[in-house]
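Note that the structure is predicted; figures quoted are calculated from it, not measured. In each ligand, atom 1 is the first atom listed, and ligand 1 is the first ligand listed.
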Amino acid sequence: MDFKKLILGIDIGTSSVKVSLLDSCTSKSIYAKSVPTMAKINPSHQKGDEQDVVNILKAMKQCLKSPGKIMEKVKAIGICGQMHGIVFWDEKFVLNFWDSEFISKTDTFVSNLYTWQDARTDFQFLAKLPKPHSHLKAYSGYGCNTIFWLKENQPEILSNFNQCGTIQDLIVSILCNQGKSVMSTHNAASWGYFNVTDCSWNIDILTEANFPVHLLPSVVQPGINVGTLYETIYNIPKGAVVGVALGDLQCSVMATLTTMTDAVINISTSAQVAFIAKEIETQCDSVEYFPYFENHFLAVAASLNGGNVLDSFVRSVFSWVSALGLTITEDELWNRLLHLSPEENLTPLIVNPLIFGERHNPTTYGSLINVTNNNLTLSELFSGFCKGIINNLHKMMPREMLLKAGIQRIIGSGSVITKNHIIKKEIETCYNLPLCVTMSEDSAFGAALALLKNNPSLFN
Ligand SMILES: Nc1ncnc2c1ncn2[C@@H]1O[C@H](COP(=O)(O)OP(=O)(O)O)[C@@H](O)[C@H]1O
Ligand SMILES: O=C(CO)[C@@H](O)[C@H](O)[C@H](O)[C@H](O)COP(=O)(O)O
């Protein structure tokens with residue numbers, strides 16, 4: 001088929017990088033690829049969660065390489081990724097990135113990525129920080145709080161680098177070869193200390209607290225184009241338009257939602273249930289209102305316990321199997337668990353899966369309830385974790401809240417929903433609303449679609 005103008009969408013997820021190619025004439029995805037980043041590294045703090053930026057960039061390069069010649073048709077690039085996290089870099093890192101000899105020296109010019117799962121800013125530390133002037137609270141793993149912690153505990157990180165942003169902001173800088181970091185309101189709001197109403201950082205509050213405000217990126221509205229591709233890479237022509245990086249949450253909704261009466265449940269490493277709202281409401285601790293597009297908000301219950309919980313369970317089983325001197329690959333183990341026959345137990349095992357705590361309740365962890373002499377089986381445990389993830393989401397944003405907002409249907413997205421029948425069934429049971437699962441449309445597709453919607457003239 002002869003595609004005239006394509007848009008490349010890139011999503012820098014917590015576990016994998018995904019790309020999608022969107023045909024601007026049909027708004028359909030014509031190509032998708034996902035590559036695991038394998039970027040998790042031993043953090044410098046016991047409660048930390050850090051990723052190796054070079055590994056993430058390598059996974060992105062692998063994704064960009066695979067479509068081949070068709071990339072010549074790419075006219076624009078939309079990027080999104082994991083929110084809340086922060087990476088520091090020196091302008092030299094971006095400006096010299098395309099010089100192959102420079103790559104081997106990158107460590108000195110870029111920090112690790114401190115992710116949204118980083119919990120070093122614990123309860124006691126957060127209690128010492130000033131209250132943000134924003135309808136959004138600032139939790140552990142949020143960029144500004146991580147800066148507060150580093151200022152007190154590892155100030156050299158702040159003095160070694162002169163730019164910072166989310167990982168997706170760094171990638172925009174690299175593609176455009178622009179030294180200065182620019183971020184969208186999606187990502188700024190995810191760092192804390194950002195007032196969405198007047199689109200500004202809480203400069204006064206932060207300055208008063210000796211926060212290094214000079215590091216904060218400038219902020220623009222989602223949909224703004226911040227530059228063009230610096231040189232032809234992987235067949236994508238130099239000059240392709242590059243949009244400001246967006247949040248993966250907003251892009252997963254953009255990719256899947258067709259009407260205001262739909263809600264989205266997205267489960268990948270994390271898990272969220274969200275719907276589009278015209279106004280902010282603040283009665284419920286577990287629901288937040290993040291900026292969406294065109295003055296709308298996303299009401300979202302963002303759980304820290306999604307696919308990462310299943311991942312931890314699989315790793316535990318894997319280590320028990322190895323400890324017993326047996327062998328199985330992780331992929332095989334996943335495959336077996338996802339295909340175990342369901343069990344009917346008179347007293348079913350109930351798994352509360354909060355192994356990572358929750359932002360609104362950071363010190364409560366998981367538990368097993370109703371353990372009997374016949375329900376401690378692999379099948380009951382795995383399905384208990386799967387059901388527990390959905391029950392927890394439902395506690396954070398119950399069916400009644402969706403009905404009150406006029407929601408009539410749930411769209412399920414993210415690799416963990418598409419692969420897992422127990423999770424699909426539990427969403428239907430808990431929410432008792434029609435569920436429509438999308439197989440391929442994900443945040444990378446949403447990033448490309450957002451770019452198309454915001455730049456119709458580019459594709460006429
Ligand atoms: N081999 C596998 N088979 C099925 N599911 C897997 C496998 N490996 C990881 N997962 C699940 O996929 C999740 C990551 O999904 P992914 O879409 O790559 O995440 P992200 O968008 O956060 O980068 C993991 O947390 C885990 O629950
Ligand atoms: O944490 C929130 C919102 O507060 C999430 O909804 C948001 O999508 C974050 O980017 C995720 O935590 C990371 O996404 P993913 O890698 O799990 O897909």
Closer than 4.0 Å to some heavy atom of S15 - which atoms of ligand 1 meet that? 14 (C), 18 (O), 19 (O), 20 (P), 22 (O), 23 (O)

Would S270 count as a polar contact of ligand 2, with the cut-off being nitrogen or oxygen pairs under 3.5 Å? yes

Is it the case that the side chain of N195 and the backbone of T197 share a donor-acceptor pair, with hydrogens and angles ignored and the cut-off at 3.5 Å? yes

Pair W201 and F194, ring centroids less than 6.0 Å apart: yes

How does Q82 reach ligand 1, by side chain, by backbone, by both or by neither, if only non-hydrogen atoms under 4.0 Å count? neither

Report the nearest protein non-hydrogen atom to atom 5 (C) of ligand 2: residue, atom name, distance rounded to 0.1 Å. Q272 NE2, 3.4 Å

Any salt bridge between E294 and K453, counting N to O under 4.0 Å? no

Would D248 count as a contact of ligand 2 if the rule is a heavy atom under 4.0 Å away? yes

When you compare ligand 1 with D11, is there at least one nitrogen or oxygen pair between them that comes in under 3.5 angstrom? no

From D331, V416, T269 - option closest to atom 12 (O) of ligand 1 by heavy atom: V416

Could you work out, for atom 4 (C) of ligand 1, the closest of W334, F385, F313 by heavy-atom distance? W334

Does ligand 1 have a heavy atom under 4.0 Å from the side chain of N308, from its backbone, from both, or from neither? backbone

Atom 16 (O) of ligand 2: nearest protein contact (heavy atom, Å): T14 OG1, 2.4 Å

Considering the heavy atoms of H84, write down every atom of ligand 2 situated less than 4.0 Å from one of them. 1 (O), 2 (C), 3 (C), 4 (O)

Taking the six-membered ring for Trp, are F385 and F382 closer than 6.0 Å centroid to centroid? no

Do me a favour and list the nearest non-hydrogen protein atom to atom 18 (O) of ligand 2 with residue, atom name and distance? S268 OG, 2.6 Å

Does ligand 2 have a heavy atom under 4.0 Å from the side chain of K18, from its backbone, from both, or from neither? neither

Report yes or no: does E288 have a heavy atom closer than 4.0 Å to ligand 2? no

Nitrogen or oxygen atoms of S270 and ligand 1 under 3.5 Å apart: no

Aromatic ring centroids of Y292 and F297 under 6.0 Å? no

Determine whether the aromatic ring centres of residues H135 and Y289 are separated by less than 6.0 angstrom. no

